[in-house]
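Shown next, in structure tokens, is the structure this report addresses.
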Number of protein chains: 2
Amino acid sequence: MKDVAKDANVSVATVSNYINGKKVRPEVEEQVRQSIEKLHYVRNAAARALKTSESKYVVFVLPTVWSPFFSELTFWVQQYLNDMGYKLILSVSENNYSKEKSYVKMAEEQRVAGIISISYSDLNSHVPANIPLVSIEKDDTGMFPLVTSNNYDGGKIAASEFHKRGVTSAIYAGTLHEEFSPMIARKSGFIDQCNNLGIHYSILDVPSSKNTEDFHKFLNQLSESVKDKEADFGKLGIFAYSDEVAIHIKEKLDEEKIKVPEQVQIIGFDGSKIYPNTKLTVSSIRQDVQQIANKATEILDKQIKGNSEREASRIMVPVNFQQGLTTTSI
Amino acid sequence: MKDVAKDANVSVATVSNYINGKKVRPEVEEQVRQSIEKLHYVRNAAARALKTSESKYVVFVLPTVWSPFFSELTFWVQQYLNDMGYKLILSVSENNYSKEKSYVKMAEEQRVAGIISISYSDLNSHVPANIPLVSIEKDDTGMFPLVTSNNYDGGKIAASEFHKRGVTSAIYAGTLHEEFSPMIARKSGFIDQCNNLGIHYSILDVPSSKNTEDFHKFLNQLSESVKDKEADFGKLGIFAYSDEVAIHIKEKLDEEKIKVPEQVQIIGFDGSKIYPNTKLTVSSIRQDVQQIANKATEILDKQIKGNSEREASRIMVPVNFQQGLTTTSI
DNA sequence: CTGAAAGCGCTAACAC
DNA sequence: GTGTTAGCGCTTTCAG
């Protein structure tokens with residue numbers, strides 16, 4: 001910049017002003033422009049950040065990007081942030097607590113503008129209250145804004161859709177250990193509505209899908225359960241707490257020659273498409289991913305700009321049912 | 001840091017030394033540690049970057065994250081970079097040239113350590129030669145290292161797998177306009193091997209899947225083509241230049257009541273799984289995504305460390321065939 | 001081993 | 001409008 005100033009016969013301040021769009025005399029403006037061009041000058045963001053103590057980085061902490069839901073979410077979050085002039089530091093935690101913490105530490109060192117986090121641990125409680133943060137899905141501290149799908153409603157919708165399709169007996173497939181708020185809400189909604197509609201239900205514990213052995217055990221248990229129920233009750237529906245689990249269940253039932261959706265119907269949760277224009281394979285309660293990203297980034301931006309007085313808002317985004325190949329058409 | 005120095009009764013230099021792991025007297029070390037703790041000091045990365053003119057950021061430019069291939073790739077790239085101590089700035093370009101350029105501009109301003117790019121434009125020619133960069137899939141400048149799958153081989157393998165399954169007539173579904181090197185290689189490999197094995201083939205132009213109308217036209221054309229071929233020749237195989245296209249083709253044929261893989265077999269390209277532990281729906285030539293990420297990050301790191309003298313290496317990662325549901329079992 | 005001081009490149013007063 | 005200058009928080013000589 002000093003070089004540019006010298007080359008253009010002006011002071012550094014003038015160059016700085018020009019770059020930052022302040023008023024400069026047209027002749028000077030032209031001269032500076034040329035000098036910048038000539039010397040291939042690009043301003044040093046680190047120096048600017050140091051001086052202004054402002055940053056345009058946002059850290060996005062999430063368990064993975066390798067799933068339809070998270071990749072779509074990442075897509076939208078990046079898009080919105082980019083449109084608002086932020087840069088996104090992708091921080092994949094794999095639900096690893098120490099990784100999560102290292103990302104927070106990094107965020108502090110970088111003096112980032114803010115953090116968007118999806119964490120099922122108590123990560124938020126390690127974030128200093130002075131750094132803008134918005135959580136997606138879960139925030140138990142109550143100190144930060146939260147954007148989440150209406151999980152309870154999603155559970156209810158699933159039960160209702162089953163009911164419309166003649167289901168009289170249902171299985172809820174979810175995690176019982178590691179219970180955390182969004183999952184609990186999905187279950188409660190489902191159960192409550194089952195009770196309302198007179199659907200008989202039972203609950204099956206799903207182990208983490210990473211653990212192949214346990215997961216196979218679960219699938220076996222499930223298909224036994226399905227065979228039992230088929231004899232005892234009428235039409236059967238399985239509500240899985242995620243599409244990933246729903247897909248695995250469908251694959252298992254296919255193997256067992258149990259016809260989906262004729263004999264058993266399945267509804268998953270998330271409803272993200274693998275590509276922007278693809279059909280859903282499993283029927284699902286779709287989270288409005290774009291809306292979640294939109295709200296989260298918007299709220300973060302406001303927080304950064306200081307217009308919002310950390311009210312720790314709770315935003316609930318509506319979900320809806322999406323017909324896939326695992327429920328009968330009505 | 002000044003505060004810490006004062007609190008610990010030492011100079012800033014000592015604090016700096018302590019933080020950077022230089023030798024400090026044990027008593028002093030302890031004192032400094034405590035002061036840091038007490039004052040909740042975290043060092044300012046911007047100031048450090050300014051002084052040392054070193055950065056730990058890597059910009060990752062790619063068309064999207066919202067597809068199995070790119071989300072898996074992003075997952076691995078982030079993982080490897082993180083393990084090497086870098087931070088990843090996610091830069092989704094949507095193949096938009098001006099966005100790509102703005103990311104490069106940003107990278108320059110941030111004085112990032114390096115860039116990893118997947119671009120089908122001439123992006124690389126806009127990157128100053130002094131900034132470390134490695135390309136994935138395509139680099140026409142010849143100035144930067146390139147990591148790519150063996151696309152030609154992939155095409156050949158597809159033809160061979162068809163041949164093993166009795167296919168005597170084939171369609172290649174790929175983009176003819178916008179031809180760029182990886183796609184050309186896939187096609188050539190396929191065609192060459194078809195010739196070798198005496199498979200009759202024809203070529204069909206696939207429009208960008210974003211354009212729904214044109215794409216539907218293509219699908220109709222394809223299914224006509226399939227019906228014609230079925231009468232004329234023996235077993236038919238369709239090789240699509242990507243899994244996304246392959247999936248759409250499969251859906252279309254399902255609609256038309258054409259049985260896959262009994263009547264027509266389909267092989268796609270990429271072979272990425274939607275989730276880490278899921279089955280493939282379409283049979284596919286799988287790119288070794290993890291290996292690509294591994295090589296790309298490794299080469300970038302070397303370049304940054306200056307151990308490598310910009311030899312513009314070309315690395316070719318092997319591909320392999322993955323049986324899905326759209327080819328017959330053998 | 002530790003302290004004093006220079007300076008990385010920029011912005012923001014402030015004076016002209 | 002423009003120039004001068006202080007200083008953001010750190011690392012890094014260079015003395016001691």
Side-chain angles (χ1 to χ4, degrees), chain A residues 1-36 38-57 85 87 105-113 128 130-131, chain B residues 1-36 38-57 85 87 105-113 128 130-131:
Chain A
M1 179 147 148
K2 227 174 16 186
D3 301 335
V4 174
K6 195 174 294 171
D7 187 84
N9 280 313
V10 293
S11 75
V12 287
T14 305
V15 178
S16 176
N17 282 337
Y18 166 76
I19 289 173
N20 295 303
K22 305 254 171 74
K23 282 251 156 277
V24 195
R25 261 208 338 278
E27 351 155 8
V28 175
E29 175 168 331
E30 179 55 19
Q31 181 54 55
V32 173
R33 218 185 41 65
Q34 283 182 20
S35 298
I36 287 177
K38 190 169 88 182
L39 303 174
H40 298 107
Y41 168 79
V42 269
R43 90 144 144 344
N44 184 323
R48 182 179 215 281
L50 174 59
K51 180 64 190 180
T52 62
S53 52
E54 265 180 19
S55 154
K56 281 299 190 180
Y57 286 112
K87 291 164 261 303
K105 176 86 183 302
M106 180 266 281
E108 293 187 67
E109 289 193 352
Q110 304 294 334
R111 306 289 193 270
V112 298
N130 63 350
I131 145 160
Chain B
M1 181 146 148
K2 226 172 21 185
D3 300 335
V4 174
K6 195 174 293 171
D7 188 83
N9 279 315
V10 293
S11 74
V12 287
T14 305
V15 178
S16 176
N17 283 336
Y18 166 76
I19 288 174
N20 294 304
K22 305 257 170 72
K23 281 251 159 280
V24 196
R25 263 209 337 277
E27 349 156 12
V28 176
E29 176 169 332
E30 179 56 18
Q31 181 54 57
V32 173
R33 218 186 41 65
Q34 282 181 21
S35 298
I36 287 177
K38 190 170 85 183
L39 303 174
H40 298 107
Y41 168 78
V42 271
R43 90 141 145 344
N44 184 322
R48 182 180 216 280
L50 174 59
K51 181 65 191 177
T52 62
S53 51
E54 264 181 19
S55 154
K56 281 298 191 180
Y57 285 112
K87 289 164 262 303
K105 176 85 181 302
M106 179 267 281
E108 294 186 66
E109 289 192 351
Q110 304 294 335
R111 305 290 192 269
V112 298
N130 63 350
I131 144 161

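Every chain is numbered from 1 and lettered A, B, ... according to where its sequence line falls, protein lines coming before strand lines. Hydrogens, waters and symmetry mates are skipped; everything else that's a heavy atom, side chains included, is used. Since this is a predicted model, take the numbers as computed values, not measurements.
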Which of A:Asn17, A:Val24, A:Val32 passes side chain to side chain contact (heavy atoms under 4.5 Å, CB included) with A:Val10? Answer is A:Val32
Give one of base, sugar-phosphate or nothing for B:Tyr41, where a contact means two heavy atoms less than 4.0 Å apart. sugar-phosphate
Residues pairing under salt bridge (Lys or Arg N to Asp or Glu O under 4.0 Å) where one sits in residues 7-17 of chain B, two or more places apart or in two chains, turn out to be B:Asp7-B:Lys38
Residues passing the side chain to side chain donor-acceptor pair (under 3.5 Å) test with A:Gln31, sequence neighbours excluded, are A:Ser35
Once base and sugar-phosphate atoms are separated, protein heavy atoms under 4.0 Å mark nucleotides 1-7 of chain D, 5' to 3', with B, S and - as SSBB-BB
Between N or O atoms, less than 3.5 Å apart, protein on one side and nucleotides 14-16 of chain D on the other: list the pairs.
none

In whole angstroms, the gap separating C1' of D:dC8 from CD of A:Glu54 amounts to 13 Å
For residues 11-21 of chain B, the salt bridge (Lys or Arg N to Asp or Glu O under 4.0 Å) pairs (sequence neighbours left out) are none
Residues passing the side-chain contact (heavy atoms from CB on, under 4.5 Å) test with A:Gln110, sequence neighbours excluded, are A:Met106, A:Val112, B:Ala45, B:Tyr57, B:Lys87
Note: chain B reaches DNA chain C at heavy-atom distances under 4.0 Å over the stretch, first to last nt, 5' to 3', of C:dC1 to C:dG9
request  = Report yes if some heavy atom in the side chain of B:Val42 is under 4.5 Å from a heavy atom in the side chain of A:Arg111; otherwise report no.
outcome  = yes
task = State, yes or no, whether a side-chain contact exists between B:Thr14 and B:Val28 at a heavy-atom distance under 4.5 Å.
result = yes
Taken to the nearest whole Å, NZ/B:Lys22 to C1'/D:dT12 is 8 Å
After noting the C-alpha distance and the side-chain angles of B:Tyr18 and B:Ile36, does the key distance pass the side-chain contact (heavy atoms from CB on, under 4.5 Å) rule? CA-CA 11 Å; B:Tyr18 166 76; B:Ile36 287 177; 3.7 Å; yes
Touch class at under 4.0 angstrom, heavy-atom based, for B:Thr52 against every strand present = sugar-phosphate
Residue pairs passing the salt bridge (Lys or Arg N to Asp or Glu O under 4.0 Å) test with at least one member in residues 15-27 of chain A, sequence neighbours excluded, are A:Arg25-A:Glu27
B:Ser53 meets the side-chain contact (heavy atoms from CB on, under 4.5 Å) criterion, sequence neighbours left out, with none
Practice task
Check whether any side-chain N or O of B:Arg43 sits under 4.0 Å from OP1 or OP2 of D:dC10, and answer yes or no.
Solution key: no
With five pairs defining each end axis, the helix from C:dC1-D:dG16 to C:dC16-D:dG1 comes out bent, to 10°, by 30°
Applying side-chain contact (heavy atoms from CB on, under 4.5 Å) to B:Glu30 and not counting sequence neighbours gives B:Arg33, B:Gln34
Side-chain N or O of B:Ser16 closer than 4.0 Å to phosphate OP1/OP2 of D:dC10: no
d(B:Met1 CE, B:Ser11 OG) to nearest 0.5 Å is 8.0 Å
Taken in chain and number order and not counting sequence neighbours, the residues that satisfy side-chain contact (heavy atoms from CB on, under 4.5 Å) with A:Arg43 are A:Ile19, A:Asn20, A:Tyr41, A:Arg48, B:Glu109
